[in-house]
Amino acid sequence: MKTVSFFPSRTVAIYMGRMFLVRTFAVLAALVLVLQALDLLSESGDILAFPGNGDAQVWQYVSLRVPQIVSRFLPFSVLLGTILTLITMNQNSEIVALKGSGLSAHQVLAPLLVASLGVAVISFVFNDRVVARATATLNQWQKVNYGKLPIDRGDRANVWVRDGDDLIEVAQIRGRGDATRLGGITLYDRTGGNLVAILRADHGKRAPAGGWLVGPATRFDVARGTDTKLRSVVIGKDVRPDQFTLASVDADGLSFGALKAAIADLSDAGRPTKALEGSLWHKLSGPLSSVLMPLLGAVAAFGIARSGKLFVRAVIGMALGFAFFVADNFALAMGNLGAYPPFLAAWAPFLLFLLIGEAVLIRSEE
């Protein structure tokens, strides 16, 4: 009894997968090179404007920016890699030979789908381990105008909290919950909206009886114009740890697990989490969008190359890919505004274009 395989022969599958991956990463390398060069034209001036910065800081910026560009344009590179692979095979009549051997359109695309699934897995791991850390570090570096680069990539920086009339500014925050540690604290002591004193301290931690024990501290009395040295003092008795650690959660700067933990903390504190939940789901749907690209670009594979419509088919495939990226960004923006539920914001474009790609593929096969 003859068995039916979903894949072409092993030789053909390896040949198609290798051709697809080489073209995908070649396109990605070209895009990264061009886009990073353009990005440097606008940012290098700001980097070098800080006293003491030089070539080393420019290359440091490149090392932090390149992962973001790779993450953003990898699905697009998969789309172009798919179209280039299928156009080449169509022009060489290889698609006609595969179809003539009895393979369906899905069987022809199977090696590309498996290879793109591998790209999606690599993309998720890369985003989780590299891009999130690079984004967090770059954001902190930009907040200090490309000054001294923060060392701890898990820190939060430049957080403001209100305690009654008083305002508390913290330059750097480490840890979570009662283990939270503050660095570079400035307390603006106000009464009735008028500034009474400014308290500055180097370090701070959670006080056993509540509030925050900071010190060594210096208190500047505005009315008298005098400084008073204090060994330690308790401030912000009504300020909870989550007000510092969750004051500004940057979804792009957190890994999947860290963002999930931050959402749980925010939920426990009774704060809104819908926008962050959408970003959490998108950390899965974003890399998985690479699997869609062979379906959307498959229109370039089928049809006779001599018909003169091969270029038109390639343009249609690119248009479908661009439409997906537009719909994906739009849905995520609507999710951030609260107009779409988080799951719908992250997965609706993926599911919609999965159906569109299947419809186009079935129509091409007919």
Visitor: Report the distance from atom CD of Gln172 to atom CD of Gln140, rounding to the nearest 0.5 Å.
Guide: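 Spacing of CD (Gln172) from CD (Gln140) equals 6.0 Å.
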Visitor: Mind checking ring-ring contact (aromatic ring centres under 6.0 Å, His included) for Phe256 and listing every partner two or more places apart, or none if nothing turns up?
Guide: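 None.
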Visitor: Salt-bridge test for Arg219 and Asp189: reply yes if a basic N is under 4.0 Å from a carboxylate O, no otherwise.
Guide: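 Yes, this pair counts.
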Visitor: Is the backbone of Leu40 close enough, under 3.5 Å, to the side chain of Glu43 for a donor and an acceptor to pair up by distance?
Guide: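 Absent.
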Visitor: Taking only Lys NZ, Arg NE, NH1 and NH2, and the carboxylate oxygens of Asp or Glu, determine whether Lys283 and Asp128 approach each other closer than 4.0 Å.
Guide: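 No salt bridge links Lys283 with Asp128.
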Visitor: Restricting to ring-ring contact (aromatic ring centres under 6.0 Å, His included), what partner residues turn up for Phe20, sequence neighbours left out?
Guide: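 Scan of Phe20 (ring-ring contact (aromatic ring centres under 6.0 Å, His included), adjacent residues dropped) gives none.
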Visitor: State whether a side-chain donor-acceptor pair under 3.5 Å links Asp250 with Asn139.
Guide: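 A donor-acceptor contact under 3.5 Å links the two side chains.
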Visitor: Pair Phe350, Leu292 - check side-chain contact (heavy atoms from CB on, under 4.5 Å), show working.
Guide: CA-CA 8 Å; Phe350 178 88; Leu292 280 181; 3.6 Å; yes
Visitor: Are any side-chain N or O atoms of Ser116 and backbone N or O atoms of Leu113, one a donor and one an acceptor, separated by less than 3.5 Å?
Guide: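 Flag set: sc Ser116 to bb Leu113 pair under 3.5 Å.
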Visitor: Can you tell me how far OG of Ser123 sits from CG of Leu288, rounded to the nearest 0.5 angstrom?
Guide: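 Answer for the CG-OG pair, Leu288 versus Ser123, is 9.5 Å.
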Visitor: Taking Val131's backbone N and O only, do any of them form a donor-acceptor pair with Thr135's side chain (distance below 3.5 Å, no angle check)?
Guide: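 Such a contact is found between Thr135 side chain and Val131 backbone.
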Visitor: What's the spacing between Leu109 CG and Leu98 CG if we round to 0.5 Å?
Guide: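 Answer rounded to 0.5 Å: 10.5 Å.
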Visitor: Is any side-chain heavy atom of Val222 closer than 4.5 Å to one of Val196?
Guide: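 Answer no - side chains too far apart.
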Visitor: What orientation do Phe343 and Trp281 show, parallel under 30°, tilted 30 to 60°, or perpendicular over 60°?
Guide: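 Answer is perpendicular, since the angle exceeds 60°.
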Visitor: Looking only at side-chain N and O atoms, does Tyr146 offer a donor or acceptor that is under 3.5 Å from a partner on Gln142?
Guide: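 On atom types as modelled, these side chains qualify, holding a pair under 3.5 Å.
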Visitor: Return the OG1 to CG distance between Thr226 and Asp221, rounded to the nearest 0.5 Å.
Guide: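 Rounded to the nearest 0.5 Å, the OG1-CG separation comes out at 5.0 Å.
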Visitor: Quick one about Glu277 and His282 (side-chain donor to acceptor, distance below 3.5 Å, no hydrogens or angles considered), yes or no?
Guide: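 No.
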Visitor: Is any side-chain heavy atom of Val32 closer than 4.5 Å to a side-chain heavy atom of Phe73?
Guide: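 With C-beta onward as the side chain, the pair stays apart.
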Visitor: Determine, stepwise, if the pair Val78 / Leu28 fulfils side-chain contact (heavy atoms from CB on, under 4.5 Å).
Guide: CA-CA 8 Å; Val78 173; Leu28 180 62; over 6 Å; no
Visitor: Nearest 0.5 angstrom please: Phe25 CZ to Leu31 CG, how far?
Guide: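 So the CZ of Phe25 and the CG of Leu31 are separated by 13.0 Å.
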Visitor: Backbone N or O of Gly54 within a donor-acceptor pair of the Gln57 side chain at under 3.5 Å?
Guide: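 Such a contact is found between Gln57 side chain and Gly54 backbone.
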Visitor: Flag the pair Thr228 / Thr218 as yes when at least one side-chain heavy-atom distance between them is below 4.5 Å, and no otherwise.
Guide: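 Counting from C-beta outward, Thr228 and Thr218 never come under 4.5 Å.
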Visitor: Supply the atom-to-atom distance Phe324 CZ to Met293 CE, rounded to the nearest 0.5 angstrom.
Guide: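 Those atoms lie 5.0 Å apart.
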Visitor: Determine whether Leu351 and Leu284 fall in the same hydrophobic cluster, where Ile, Leu, Val, Met, Phe, Trp and Tyr are linked whenever their side-chain heavy atoms lie under 4.5 Å apart.
Guide: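 In one cluster with Leu351: Leu284, yes.
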Visitor: Before you tell me yes or no, could you show the steps for Met89 and Met19 under side-chain contact (heavy atoms from CB on, under 4.5 Å), namely the whole-Å CA-CA distance, both residues' side-chain angles and the distance that decides it to 0.1 Å?
Guide: CA-CA 10 Å; Met89 295 184 67; Met19 184 188 301; 4.1 Å; yes
Visitor: Between Leu138 and Gln68, is there a side-chain heavy-atom distance shorter than 4.5 Å?
Guide: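 Of all side-chain heavy-atom pairs linking Leu138 with Gln68, at least one is under 4.5 Å.
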Visitor: Should we count CZ of Arg190 as having more than 12 external heavy atoms under 6.0 Å?
Guide: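 Count over threshold, so yes.
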